[in-house]
Amino acid sequence: MILTLNLLFVLMCLTIPGKIESIEKGIATVISARERAQIDLSLVFEAQVGDWILYATNRAVKVISEEDAKEIISLLEDKYHPVDVSKLPLQFKKIIFKVRSGNSDLTKDEILYLLSLKGPNNLETLFAEANTLRKERIKDFICIHGIIEFSNYCKNSCLYCGIRKENKVPRYRLNSKEIIDTAYDAVENEGYKLLVLQSGEDDSYSDADLIDLIVKIKQKMKVFVFISVGERSEKFYQEAYEAGATGSLIRFETSNSELYTKFRPKKYLKDRVKLIKAMIKMGYYVASGNMVGLPGQSLEDIADDLLMIKSLGVPMISAGPYIEAKGTPLANPKKQETRNNHTLNPESCDLSPESYDLNPKSQLELMLKFIAVARFMMPDVKIPVTTALETLDPENGRHRGLLAGANALMFNLTPEKFAKNYSIYDNKYREREKVWQKYGLFKGEESWEMLEEKLMLDK
Ligand code: SAM
C-alpha cells in the first residue's frame with residue numbers, strides 16, 4: 001500500500017512540579033509555583049513529605065528530584081516586570097478591564113486596536129494579561145503535540161507552500177509500516193497518546209488506504225488519531241471518523257475569500273469552511289485557523305480570521321506565521337537574505353497594515369499579538385505554538401508563545417531522513433526538546449483517561 005499522508009501529530013499534557021507539604025489518607029497538600037493543591041497520591045504511594053512530585057489535574061504522576069523540578073519551573077517562568085499602568089492608553093485599559101471582567105466578546109475594532117499595539121510597555125502588558133488568563137483558566141497544563149510528516153507529495157499549487165506540486169523538492173512517502181512503526185515508537189516508547197496524521201493532498205492514497213491506516217493504528221496501540229489530509233469528501237471524513245479518527249486539523253488559511261482564491265488557485269474558501277463545519281458536526285475535535293502575515297493580508301483580515309475561528313467554535317486553534325518558502329511564487333529572494341535576525345525589539349517594528357512584510361521580527365511580534373488576542377477572545381481554547389514560530393525565533397519562540405497565552409507545543413516526530421524535505425517553508429526548526437518531553441509525556445492509564453476527559457470536555 002502506498003501512503004500519501006504526511007504528518008502524524010501527537011499530544012500529551014505537561015505535568016506540574018510541586019513540593020509535598022503534608023499527607024493525609026493518601027492525599028497530599030502540594031505547593032507549586034502557582035498554587036497550593038490537594039493531590040491524590042495513589043499512583044506514587046512511596047512519596048513522602050518534602051518530596052517533589054509531578055502532577056496533572058489532581059493526581060501525582062511521579063516523584064522527581066528537586067533539580068528536575070526547578071528545571072521545569074524555569075521553562076514556564078514569566079520574566080514579566082509589572083508595567084506602569086498609568087502609561088497605558090485609555091482604550092487599552094478599557095479592553096483589559098473588559099477581558100478581566102470575563103467578557104471575551106471583543107468587537108472587531110477592539111481586536112484591531114490590540115493587533116495594532118506598539119511599544120514595549122503595551123506589548124508586555126498584552127502578553128502578560130493573556131498569559132495570566134491562560135494560567136487562571138488552564139493553569140500550567142501545557143499539552144504536547146507531536147507531528148509526523150509522512151509524505152510531501154501534493155497535487156495543489158498554493159502560492160505560499162514549499163511543497164506545492166510545481167516546486168522542485170525531493171519527494172518522499174512513508175509506507176504504511178513506516179508510519180505505524182513511527183506511531184508505535186511515539187506511543188510506546190515516548191508516551192505520546194494522540195497522533196495526528198496529516199498530508200499534502202495526494203491521491204495516490206485512496207480513501208480506503210487512509211481508513212485502513214487508521215484502523216491498523218487503533219488496533220495496534222492505544223492512541224487518539226487526528227487526521228489532516230486536506231480536502232476529501234465528506235463521505236471519507238465520516239468513514240474515517242467511524243474507523244476511529246478523533247480529530248482533524250484543517251486550517252481555513254485566510255478568511256479573506258479573495259486572498260484565499262488568489263493564493264489557492266481554483267479553490268474557494270466557502271468549500272473549505274463547509275468541510276470544516278461538516279467535520280465539527282460529525283463529531284471531530286477540529287483544530288482550525290489561518291496563516292498570519294500573508295503578503296497582502298491586512299490587520300483587518302487577521303481580525304476577521306480571529307472572529308471566524310471564534311464563530312466556528314473549534315476547541316483548538318491551528319494558526320501560524322506565514323514564512324516564505326524558496327521556489328514559490330510568493331518568495332522574494334532579496335528579503336530572504338535578511339531573515340536571520342531573531343531579536344525582537346518591539347519599538348523597531350512598524351506593523352501598520354501597509355508596512356508589515358516578511359521581516360521575521362515583525363512576523364514574530366504579530367504572531368505573538370495574534371496568540372494573545374486569541375486568548376482574550378477564547379479563554380479556554382487550546383492554542384499550540386507551531387513549529388513556524390520556532391522558525392522565527394529558534395531560541396525563544398516556544399517560550400514566548402506560551403508566555404503570550406498559548407498552551408500547547410508541537411513536536412516533530414517525522415523520521416529524520418524525510419523531515420528535511422517537508423519544507424512547506426524555509427528554515428523550519430526541527431529541534432526536539434527532550435526536556436519538555438520529559439515532563440509532558442508520562443506513561444500509564446491515568447494520562448490516557450485525563451486526555452480522554454479533556455477531549456470530551458473541550459468539544
Ligand atoms: N494538505 C493539508 C491541508 O490542506 O490542510 C495539510 C498540509 S499543509 C502543507 C499544512 C499547512 O501548512 C497549511 O494549512 C498551511 O497553513 C501551512 N503552510 C503552507 N505553506 C506555509 C508557509 N509558507 N508558511 C507558513 N505556513 C504554511
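Ligands are counted one by one from 1 in listed order, and the atoms in each one are counted from 1 as well. Computation of the quantities below employed the complete heavy-atom set of this structure, encompassing side-chain atoms and omitting hydrogens, waters and symmetry-equivalent molecules.
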**Message:** Residue-level breakdown please: for Y422 versus ligand 1, do any non-hydrogen atoms fall below 4.0 Å on the side chain, on the backbone, on both, or on neither?
**Reply:** side chain

**Fill in**
Of S199, G230, G293, S228, the one whose closest heavy atom lies nearest atom 7 (C) of ligand 1 is S199

**Prompt:** Near P321, which atoms of ligand 1 are under 4.0 Å from a heavy atom of that residue?
**Reply:** 24 (N), 25 (C)

**Request:** Please work out which of E201, M291, E324, R164 has its closest non-hydrogen atom nearest to atom 27 (C) of ligand 1.
**Result:** M291

**Message:** Only heavy atoms of E253, strictly under 4.0 Å: list the atoms of ligand 1 that pass.
**Reply:** 13 (C), 14 (O), 15 (C), 16 (O)

**Message:** Given the ring of Y260, does K267 sit roughly above its face, with NZ or CZ under 6.0 Å from the centre of the six-membered ring and within 45° of the axis?
**Reply:** no

**Message:** I'd like to check which ligand 1 atoms, numbered from 1 as shown, lie under 4.0 Å from a non-hydrogen atom of Y322.
**Reply:** 22 (C), 23 (N), 24 (N), 25 (C)

**Prompt:** Shortest non-hydrogen contact from S255 to L269?
**Reply:** O-CD2, 3.3 Å

**Asked** Does some non-hydrogen atom of I250 fall short of 4.0 Å from ligand 1?
**Response** no

**Item:** Nitrogen or oxygen atoms of I323 and ligand 1 under 3.5 Å apart
**Value:** yes

**Complete:** Residues V385 and A406: closest non-hydrogen pair is CG2-CB, 3.7 Å

**Message:** I'd like to know if K310 and D105 make a salt bridge, using a cut-off of under 4.0 Å between side-chain N and carboxylate O.
**Reply:** yes

**Taking every non-hydrogen atom, the tightest pair across I111 and M377** = CD1-CE, 3.5 Å

**Asked** Hey, is ligand 1 close enough to R264 that some N/O pair sits below 3.5 Å?
**Response** no

**Asked** Taking 4.0 angstrom as the limit, do E178 and R173 come out as a salt bridge?
**Response** no

**Asked** Counting heavy atoms only, which part of K267 comes closer than 4.0 Å to ligand 1: side chain, backbone, both or neither?
**Response** neither

**Message:** Students often mix this up, so state it plainly: with edges at 30° and 60°, are the rings of F92 and Y113 parallel, tilted or perpendicular?
**Reply:** tilted

**Message:** As an exercise, identify every atom of ligand 1 less than 4.0 angstrom from a heavy atom of G200.
**Reply:** 1 (N)

**Asked** With a 4.0 Å cut-off, would you call E231 and K155 a salt bridge?
**Response** no

**Fill in**
Restricting to heavy atoms, the pick from Q363, E231, R272 nearest atom 4 (O) of ligand 1 would be R272

